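Everything numeric here is computed off the predicted structure, so don't read it as measured data. Residue numbering restarts at 1 for every chain, and letters A, B, ... go by the order of the sequence lines. Worth knowing before you read on, the calculation uses all heavy atoms, side chains too, and leaves out hydrogens, waters and symmetry mates.
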Amino acid sequence: SQQGEEDPQALSIQEGENATMNCSYKTSINNLQWYRQNSGRGLVHLILIRSNEREKHSGRLRVTLDTSKKSSSLLITASRAADTASYFCASPRVSGGSNYKLTFGKGTLLTVNP
Amino acid sequence: EAGVVQSPRYKIIEKKQPVAFWCNPISGHNTLYWYLQNLGQGPELLIRYENEEAVDDSQLPKDRFSAERLKGVDSTLKIQPAELGDSAVYLCASSASGYTYNEQFFGPGTRLTVL
């Protein structure tokens, strides 16, 4: 079963605009990660935020985490056509015993129109 | 630095046939993962290796799926016999260790179509 659920499922914007994607999760986490997937580069890690962090920046990416609401958001500023991709949130979830598995949501499909 | 290598990139087979996927992780990465990704879904873990040991295979359908990582480097995932519902993308990933804060690096995947 999915740990994270992204919202919206699909988002279409114009180049230069900002894009915001949200992720909700169900169980306590020690970190949350965002990944991007497109046909050219496959699935790529973007950023990791720890449970004791509230906000993190990386280039044009800004991630927030609200553990009280079990939610995270990914903001892409000044979007480019090359940002067109599916974006997934993922977090470790107990898989049995002391094992953890990275559990992904269904993703948000972002389309940036030139 | 070379990334995670997978082959083949595409495979089309008829149901009940066997199929195998190969993965070579990033050099020095002890942890290797196999994921299954269905259309419109996020990847789901099938199995995780620490060196040559399968430390989490709870999600692997063991009646038809098998995997090995004999020398703790490259790995093979096999399906025998394949079913129509196995059509999906099979992703391999690696990380320096299984520590939950470690970034996972993914290969391009193998797109399997079962007819």
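- In terms of heavy-atom pairs under 4.5 Å with chain B, the best-connected choice from L109(A), L48(A), V44(A) is L48(A).
- The contact list for residues 59-75 of chain A toward chain B, using heavy atoms and a distance under 4.5 Å, is empty.
- Between the CD atom of E103(B) and the CG atom of L102(A) there is a distance of 11.0 Å, given to the nearest 0.5 Å.
- Heavy-atom neighbours of Q14(A) CD from other residues, nucleotides or ligands within 6.0 Å: above the threshold of 12.
- Under the 4.5 Å side-chain heavy-atom criterion for ILVMFWY residues, a single connected hydrophobic cluster contains both L11(A) and W34(A).
- By the neighbour-count criterion of 12 heavy atoms within 6.0 Å, atom NZ of K56(A) is densely surrounded, having more than that number from other residues, nucleotides or ligands.
- In the hydrophobic clustering of ILVMFWY residues, with side-chain heavy atoms under 4.5 Å counting as a link, Y25(A) and I47(A) come out together.
- For L84(B), the CG atom sits in a packed shell: over 12 heavy atoms of surrounding residues, nucleotides or ligands are nearer than 6.0 Å.
- A single hydrophobic cluster is not seen to contain both F88(A) and L36(B); linkage of ILVMFWY side chains at heavy-atom distances under 4.5 Å, directly or through other members, places them apart.
- For the 3.5 Å distance criterion, the side chains of Q37(A) and Q37(B) qualify, holding a donor opposite an acceptor.
- Shown here is R80(A), whose CZ atom has no more than 12 heavy atoms of other residues, nucleotides or ligands within 6.0 Å.
- Closest approach of K101(A) and L45(B) over heavy atoms only: CB-CD2, 3.5 Å.
- For Y33(B), no part lies near chain A; criterion is any non-hydrogen pair under 4.5 Å.
- Other residues, nucleotides and ligands contribute more than 12 heavy atoms inside 6.0 Å of the CD atom of Q17(B).
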